[in-house]
Student: 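Encoded as structure tokens, here's the structure I'll be asking about.
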Amino acid sequence: MPPSVCLRGFSQLALDRTAHASIASRCLLTVPRSSCFSTSATRYANPNKKKTGMVAAPKRGVKSLNVKKGRKGVQPDTGKRPAPGERKAMRKRIVLSNNNALEVSSLIDLDKPSVLSKKNEGQVKGLPEEVVDALRAVEAFKPTQGWSLFRRPATLIRKETTQLAKLIKEAEGKGEGETAKTIRRVVVGERMSGKSSLLLQGLAMAFVRDWVVVNLPDAQDIVNAHTEYAPLPGSQPTQYTQDAYTANLLSQILKANKKIFEGALVTTAPTLPLPLPANSTLKQLVELGIVNPDASWPVFAALWTELTQPGRPPIMLAIDGLSHVMRNSEYLSADVKPIHAHDLTLIRHFVDHLSGKTALPNGGMILAATSKSNSPASPALEFSIQVAEARQHSGDVPIWNPYKNVDQRVIDVMKDVEVLKVGGLSKEEARALIEYYAASGMLRAKVDEPFITEKWSLAGMGNVGELERVTVRLRV
Amino acid sequence: MPPRLNLLSFARPIPYRSRPSLQCLARPTKPTAPSQFRLYSGAADQPSADRSKQPDAKPLPSVSGEAAQTAEIMGEQGPDLEQGTPVEEVVKGDKEALEKLPKVLQDSIKIKSSTSAPKGSRSYSTSTTSEISGDGFDMGLVGFSQPSAAPEIPGVKFGLPTLPLPRDGNMKHRYDTVVDQVTNLLMKHGEKSVAQRNMSLILQHLRTSQIPTINPARPLLPGAPPPSHLPLNPILYLTLAIDSVAPLLRIRNQKGAAGGGVALQIPVPLGIRQRRRTAVEWILKAASKRRNKGSGKNGFAQRVADELVAVVEGRSGVWDRRNGIHKLAVASRANVVLPRKR
């Protein structure tokens, strides 16, 4: 018999088995098969699992611990996700106090008569409580700065701060034969050299001197198209207002300058889309803009005309992250072209003052801080800063690369702005700062000359951010 | 080779040699009269020397012979065997033999030993090294003033360092050991800088966290500082949290030792680094299961810091793990195989 026939007969037997019950009971093929003859089922069946982790059986009634070595290392994050908005709030949270830090008894607050004095140089000074509240209102504190390590906010009055204080004094024009001036400065310097901190010190000094302070806390927030915008009616070329942002800014301005705004009456007759009661204060004017975001830009403009009336206090206008506003914004126009940042009303307002096109009649200061860690490319701004530096040091003025596109608007704005260069701390300043750290209990070391020199050198010749990193941040 | 002296009072020839010059070097030279008695035993007079042909069965040679053999193996210059072994060397260290020696020999040995130090000096040292200057090894250089003029010490350009050297003097051990170890355990994909940033953030969170309340049911290490001191010293805080929950043992599953293909659980003691490593791994695992509160680079550090605080406050589940390990280790302590004593 050929083998195929033989197999056929054999498999047929298995099929027939169900038909003949008598045969089935005596059949050798006990496993029922669906097909005639197939080995697939056994071939694809799961292999028998090996017995693993055989451990001596625990005693009766004794709980055993599972000490099997599982997957090595740290498991991936399985935590629950936080609620919407919670993360950003956590990330941007600003803590200005550490209850564990020691109170520094020798810390003296800045006060109005002595804040601009040259004697403060090289000392750590505390910020008065109301100034801290105002600075918090204008978002001058940044989450990356080390405020959360100390009992209360305090700053080192460094050489650049004294320069700034001198400029503020000049802007006030309170001395004999001086008139109020508008000072315009761009703060430049290395990364972590304290540019934003210097801006904060400028704002703090302005608050102490009872100036009106308007701070645009982060230029990126204005241009990154996260807030709504609308064309300003009657503007040629078209400008764009940002109602929600401006309303928020107005509320910040009001919170920071409440005392001045409450005591000042509206003297001009502003043309507003909403009625303003007669004899209202500046506070009422600003509140009108806060509750009606549609009217926020006209209210801001009206507020500015009020503030530039004679007899008003000087104004501090500041911005951080300048390079964001020296390029096209993320907004698009109606014909899907990028809108230049200078076409946004708020930015336009700022750069008009920065360029000197509009002056502050009561004196004041326009302060713009650049950033080295969050700065989009703005070649025109960089070039202008180089030119300004060269002009200040009477060095060789660089020439624009003619094969590069130039943003002429930026060049025009930065034409005659001066720069305020923030360098490293001197060793005396570093000593004052490190002694303050040690007195706060945040630095556990013997502060002596070799220690200070070591840290000063590690911090790249006194870069203040790096100095903080190597002393109090415990950054290895 | 000095001639063998044939002294009248002795029946047998006595090999005589002067003491090896090397031993004499340190001693002040003092002329000693040649002894009239036998000081040395000859190699040839050992009756059992070559009675056996097998090397194992041969008796040990004399002291000098053994030294000579060892020196030959080591490829060095041993004592000259032809010269014989001095009696002092034979009885050296053997108190009983020393007592039984003849009086003359005892006297001569006494004289020899007394010549080792100048008259009037003590056998023990009368100067001591100061223990005041810290726990470092004292080199006896206390009060050693740095030379004012550099050229006084040739080859030293910047003067000698002051001793003892600081604990973080070595570049490779400049950071705290626990911080170093935890940083490495935090590291993922070899990104050490990220781990260092996380470590810094963890310490910062510990520093700004509230003063912990210690749970008396979960006692920390004995001798721990009061909890109010912890946030001001975050490295101590970290070390205390880790060392407090670090297990003393691990359970090793010895396969087949219990019979029938069943593993035997044997507790094995851990070293300090191993203990810390285990504790940190538990803490990191527990931290990764925590809820992430914010966003950005801070999240993981925040969770680890929270877990460390929970450990110190006795709220963490890591304590249960440690207690479980210890309980099991106690239960299976009978499985520990100690080396058999003879």
Side-chain angles (χ1 to χ4, degrees), chain A residues 51-59 62-83 85-93 95 97-102 143-144 146-151 440-446 450 469-470 472-476, chain B residues 174-176 179-180 183 185-186 188 196-197 199-204 207-211 228 230-235 250-251 253 255-265 281 284-285 287-300 302-303 321 324-325 327-328 331-332 335:
Chain A
K51 276 186 185 175
T52 52
M54 286 274 282
V55 171
K59 247 183 171 178
V62 172
K63 262 193 180 176
S64 71
L65 179 77
N66 190 1
V67 285
K68 268 182 289 182
K69 279 182 191 168
R71 271 173 291 167
K72 282 260 179 130
V74 181
Q75 302 276 318
D77 177 16
T78 52
K80 255 192 292 175
R81 303 296 117 189
E86 200 178 311
R87 284 166 158 168
K88 188 172 182 188
M90 191 79 182
R91 193 172 71 230
K92 298 281 180 195
R93 198 173 48 130
V95 183
S97 169
N98 178 9
N99 286 336
N100 299 320
L102 307 176
T144 49
W147 306 107
S148 63
L149 290 173
F150 303 99
R151 178 61 74 130
S440 305
M442 289 294 107
L443 175 70
R444 303 173 68 88
K446 197 174 117 196
R469 230 174 160 193
V470 295
V472 288
R473 295 252 182 173
L474 295 173
R475 178 64 212 252
V476 163
Chain B
R174 63 197 137 154
Y175 305 123
D176 188 90
V179 171
D180 250 1
T183 306
L185 288 168
L186 279 173
K188 284 180 194 167
Q196 283 169 335
R197 185 185 59 216
M199 190 72 241
S200 154
L201 287 171
I202 288 168
L203 294 176
Q204 213 168 300
R207 177 180 265 175
T208 52
S209 66
Q210 289 202 334
I211 294 168
S228 58
L230 293 177
L232 273 178
N233 194 348
I235 296 179
R250 74 182 171 90
I251 307 293
N253 278 340
K255 268 189 196 147
V262 175
L264 189 66
Q265 295 186 320
E281 280 184 351
L284 291 185
K285 196 171 250 182
S288 72
K289 281 178 188 144
R290 274 179 174 262
R291 189 182 163 190
N292 201 351
K293 281 179 197 157
S295 58
K297 294 166 179 173
N298 202 355
F300 186 60
Q302 175 76 58
R303 285 181 287 157
R321 272 192 97 153
I325 287 271
K327 206 169 180 182
L328 191 70
S332 59
N335 299 340

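The sequence lines fix the lettering, A, B, ..., with proteins before strands; numbering per chain opens at 1. Quantities reported herein were computed from a predicted structural model and do not represent experimental measurements.
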Student: Among B/Q196, B/R207, B/Q210, who wins on heavy-atom pairs under 4.5 Å with chain A?
Tutor: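 Option with the top pair count is B/R207.
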
Student: Report yes or no: do A/R91 and B/S295 form a side-chain donor-acceptor pair below 3.5 Å?
Tutor: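 Per modelled atom types, A/R91 and B/S295 side chains form a pair under 3.5 Å.
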
Student: Which atoms of A/N99 are under 4.5 Å from chain B, going by heavy atoms: the side chain, the backbone, both sets, or neither?
Tutor: neither

Student: Residues two or more places apart in sequence or in another chain: which of them pass side-chain contact (heavy atoms from CB on, under 4.5 Å) with B/N335?
Tutor: B/L264, B/I266, B/S332

Student: Applying side-chain contact (heavy atoms from CB on, under 4.5 Å), can you list everything that pairs with B/S228, at least two apart in sequence or on another chain?
Tutor: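 By the side-chain contact (heavy atoms from CB on, under 4.5 Å) rule, B/S228 matches B/I211, B/P226.
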
Student: Evaluate the side-chain proximity of A/R444 to B/N233: yes if any heavy-atom separation is below 4.5 Å, no if none is.
Tutor: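 The answer is yes, as the side chains (C-beta and beyond) meet within the 4.5 Å cut-off.
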
Student: Where on B/R197 is there a heavy atom nearer than 4.5 Å to chain A: the side chain, the backbone, both, or neither?
Tutor: both

